[in-house]
Q: 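Have a look at this one before I ask anything.
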Amino acid sequence: MNQKESAFYLEKGKENSVETANEILSSLKAGVSKVQILEQFKEKYYVGYVKEIYPIDAMELNTNIMINLIERELME
């Protein structure tokens, strides 16, 4: 991957991360339960090839950590 491709990939990764964090934060503020947020996240992201390479237990653990971190750091 050259420098231009790397920069593009990193920028898209950042945009997706911020968008996902904002979606989780909005759900938390709207009173959506963490269990429901996890299920929504799985429906959106745990599909296709991801299922083949990412064990469900690891996905759920990492997503729950992210939800808790967003709640702790960004909830007002």
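These values consider heavy atoms only, across backbone and side chains, with no hydrogens, waters or symmetry-generated copies.
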Q: May I ask you to decide if Ser33's main-chain N or O and Gln36's side chain share a donor-acceptor pair within less than 3.5 Å?
A: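 Between the backbone of Ser33 and the side chain of Gln36 there is a qualifying donor-acceptor contact (under 3.5 Å).
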
Q: Could you list the cluster mates of Ile65? Members are the ILVMFWY residues connected by side-chain heavy atoms closer than 4.5 Å, either directly or through other members.
A: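 Its cluster mates, by chain and number, are Leu61.
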
Q: Report, one line per pair, each donor and acceptor closer than 3.5 Å where one atom sits in a side chain of residues 1-8; sequence neighbours left out.
A:
{"residue": "Asn2", "atom": "OD1", "partner": "Lys4", "partner atom": "N", "Å": "3.0"}
{"residue": "Asn2", "atom": "OD1", "partner": "Glu5", "partner atom": "N", "Å": "2.7"}
{"residue": "Glu5", "atom": "OE1", "partner": "Asn2", "partner atom": "N", "Å": "3.0"}
{"residue": "Ser6", "atom": "OG", "partner": "Asn2", "partner atom": "O", "Å": "3.0"}

Q: Working to the nearest 0.5 angstrom, can you tell me the gap between Asn22 CG and Lys29 NZ?
A: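 With rounding to 0.5 Å, CG (Asn22) is 9.0 Å from NZ (Lys29).
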
Q: Considering residues at least two apart in sequence or located in another chain, which fulfil the side-chain hydrogen bond (donor to acceptor under 3.5 Å, both in side chains) criterion with Tyr9?
A: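 Not a single residue meets the side-chain hydrogen bond (donor to acceptor under 3.5 Å, both in side chains) criterion with Tyr9.
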
Q: How far does CD of Glu23 sit from CD of Gln40, to the nearest 0.5 angstrom?
A: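 Here the rounded value is 9.0 Å.
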
Q: Between Thr63 and Tyr46, does a side chain to side chain donor-acceptor pair (under 3.5 Å) hold up when you go through it step by step?
A: CA-CA 11 Å; Thr63 303; Tyr46 196 68; over 6 Å; no

Q: Rounded to the nearest 0.5 Å, what separation is found between the OG1 atom of Thr20 and the OH atom of Tyr45?
A: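 Reported to 0.5 Å precision, the distance equals 3.0 Å.
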
Q: Tell me whether Met66 shares a hydrophobic cluster with Met75, the cluster being built from Ile, Leu, Val, Met, Phe, Trp, Tyr side chains joined at under 4.5 Å.
A: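 Looking at the clustering, Met75 is in the same group as Met66.
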
Q: Do Asn16 side-chain atoms and Lys12 backbone N/O form a donor-acceptor pair below 3.5 Å?
A: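 Here the side-chain-to-backbone pair does not exist.
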
Q: Could you state the interatomic distance from CD (Glu60) to CZ (Phe41), rounded to the nearest 0.5 Å?
A: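 The CD atom of Glu60 sits 11.5 Å away from the CZ atom of Phe41.
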
Q: If we only count heavy atoms from C-beta on, is the Ile56 to Lys42 side-chain gap below 4.5 Å?
A: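 Side-chain contact under 4.5 Å: yes.
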
Q: Would you kindly confirm whether Met59 and Leu69 end up in one hydrophobic cluster when ILVMFWY residues are joined by side chain heavy atoms under 4.5 Å apart?
A: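 No; tracing contacts between hydrophobic side chains, which count when under 4.5 Å, never links both residues.
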
Q: What closest approach, in Å, do Ile37 and Ile67 show between heavy atoms, and which atom pair accounts for it?
A: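 Closest approach of Ile37 to Ile67: CG2-CD1, 3.6 Å.
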
Q: Identify, with sequence neighbours excluded, every residue that meets side-chain contact (heavy atoms from CB on, under 4.5 Å) alongside Glu43.
A: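 Partners of Glu43 under the side-chain contact (heavy atoms from CB on, under 4.5 Å) test: none.
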
Q: Indicate if Val18 and Ile24 have the same hydrophobic cluster label, given that clusters are the connected sets of ILVMFWY residues with side-chain heavy-atom separations under 4.5 angstrom.
A: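 No, it is not one cluster - the side chains of Val18 and Ile24 are not joined through contacts under 4.5 Å.
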
Q: Using the side-chain hydrogen bond (donor to acceptor under 3.5 Å, both in side chains) criterion, which residues pair with Ser26? Sequence neighbours excluded.
A: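 Partners of Ser26 under the side-chain hydrogen bond (donor to acceptor under 3.5 Å, both in side chains) test: none.
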
Q: For Asn68, which residues count as a side-chain contact (heavy atoms from CB on, under 4.5 Å) partner, sequence neighbours excluded?
A: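 Asn68: side-chain contact (heavy atoms from CB on, under 4.5 Å) contacts with Lys34, Glu71.
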
